[in-house]
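Before any comments, here is the structure.
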Amino acid sequence: MKRIGLDAGDSLGALGLNLESTGPGVFDALFSSFSMILVTEIGDETFIIAALMAMQYPKATVLSGALSALFVMTNF
């Protein structure tokens, strides 16, 4: 008798799925790309806010804060 479908105990190799892959998967790539986008957008907002603050507060204070934020973003 010919079987249709797979039982729970069957190997997924019959479907051509390799679940024992050694490299990063799709979810790792998605997580990495979303993390990178989030970090760069936060950095972009930091310097937009710094430009707005420079109009109201002393420029030296705003510059030191923006450079400190840049240092933290690039080194940690």
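These numbers come from the heavy atoms of this one structure, side chains and all, not from hydrogens, waters or symmetry mates. Every value quoted in this text rests on a predicted model; they were computed, and no experiment measured them.
Residues S35 and L38 have side chains not in contact (no heavy-atom distance under 4.5 Å, counting atoms from C-beta outward). Between N75 and F71, the closest side-chain pair of non-hydrogen atoms falls below 4.5 Å.
Tracing side-chain contacts under 4.5 Å through hydrophobic residues (I, L, V, M, F, W, Y), one never reaches L63 starting from Y57; they form parts of separate clusters. Under a hydrophobic clustering in which Ile, Leu, Val, Met, Phe, Trp and Tyr are joined whenever their side-chain heavy atoms come within less than 4.5 Å, directly or via other members, V62 and I49 fall into the same cluster.
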